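In this text the structure is predicted, and so the values were computed from the model without any measurement. Along the sequence shown, residues carry numbers from 1. Atoms within each ligand, like the ligands themselves, are counted from 1 in listed order.
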Amino acid sequence: MKIWLDGALRDAHSAHVSVLDHGLTVGDGVFETVKTTDGASFALTRHLHRLAASARGMGLPEPDLDEVRHACEAVTRANPMPRGRLRITYTGGLSPLGSDRGEAAPTLVVALGEASARPDVTSAITVPWTRNERGALTGLKTTSYAENVVALARARQQAATEALFANTHGRLCEGTGSNVFVVLDGELHTPPLASGCLAGITRALTVEWTGAQETDLPLDVLERADEIFLTSTLRDVQAVGRLDGRALPGTPGPVTAKAMRVFAERSADDLDP
Ligand code: PLP
């Protein structure tokens, strides 16, 4: 397995990042996960722009997006696989203990793993913790993902694959690694970015391609939703057939099935929409 580190392709087992890297010591980093199919990456330009926006939001130096694109292409070419997940990690880099980020050069790592096939229907839970819709990191894709890891572990204990958060006002927000859509009276809705959710790339494309409305919704809308689905780079559009133990009969319902179909068709037509 070849990865990209410090400006070159390297063998994954012998490539090292310093133990004093800010990304490790204080979680000072941003990342992207990009889907690849037979060596072609999906929506790479959008991912690069979000990486830069997250870096800016964290006060990291502006990433060289030409280098990041080149690294993604080199890693994808070096590790052929039918369905992959590129992981781009960009951190504050090496800095002596006790000092702040200072003049440290950022660390860029690009690695590729196999993307496992995901079922069309999954189970989710809600968690009692809140997303802060006005925090310093709101809307940024940072490597400070521990809260998501904890919530996902709780989901797994309940045989679910995703945990959904409300924000501090009890409004529906997003999952640990996905955005959420609900069908109410036949209409498709998703929380607005002001809810504190990440500006998901799959979410944006789904809104564009289905005409879903961005609506501020209370969390308990999930109890009466006719259909619920998740969107993310690795899930695409994935129906929720069980939420907090409540079965949603007939999943995927008609609106979800249409969103799945439209997403599959449009994304196959245009790899960098
Ligand atoms: N929300 C969070 C917190 C995420 O981490 C992700 C993706 O990893 C998403 C939403 C979905 O975003 P995208 O569709 O760009 O993968």
Contact table, ligand 1 N/O with protein N/O, distance under 3.5 Å:
unit_1   : atom_1 : unit_2 : atom_2 : d
ligand 1 : 1 (N)  : Glu174 : OE1    : 2.7
ligand 1 : 5 (O)  : Lys141 : NZ     : 3.2
ligand 1 : 5 (O)  : Tyr145 : OH     : 2.4
ligand 1 : 8 (O)  : Lys141 : NZ     : 2.6
ligand 1 : 14 (O) : Ile201 : N      : 3.3
ligand 1 : 14 (O) : Thr202 : N      : 3.0
ligand 1 : 14 (O) : Thr202 : OG1    : 2.6
ligand 1 : 15 (O) : Arg50  : NH1    : 2.8
ligand 1 : 15 (O) : Arg50  : NH2    : 3.0
ligand 1 : 15 (O) : Ile201 : N      : 2.8
ligand 1 : 16 (O) : Thr233 : N      : 2.9
ligand 1 : 16 (O) : Thr233 : OG1    : 2.6

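Closest non-hydrogen pair, Leu198 versus Asn179, comes out as O-ND2, 3.1 Å.
Remark: Lys141 engages no residue in a salt bridge (Lys or Arg N to Asp or Glu O under 4.0 Å) (not counting sequence neighbours). Residues forming a salt bridge (Lys or Arg N to Asp or Glu O under 4.0 Å) with Arg69 (at least two apart in sequence, or on another chain): none.
No side-chain heavy atom of Glu223 sits under 4.5 Å from any side-chain heavy atom of Val221.
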Contacts table for residues 109-120: side-chain donor-acceptor under 3.5 angstrom, sequence neighbours left out:
unit_1 : atom_1 : unit_2 : atom_2 : d
Arg118 : NE     : Arg235 : O      : 2.6
Arg118 : NH1    : Asp120 : OD1    : 3.3
Arg118 : NH2    : Arg235 : O      : 3.3

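Under the 3.5 Å distance criterion, with hydrogens and angles disregarded, no donor-acceptor pair is assigned to the side chains of Thr251 and Glu227.
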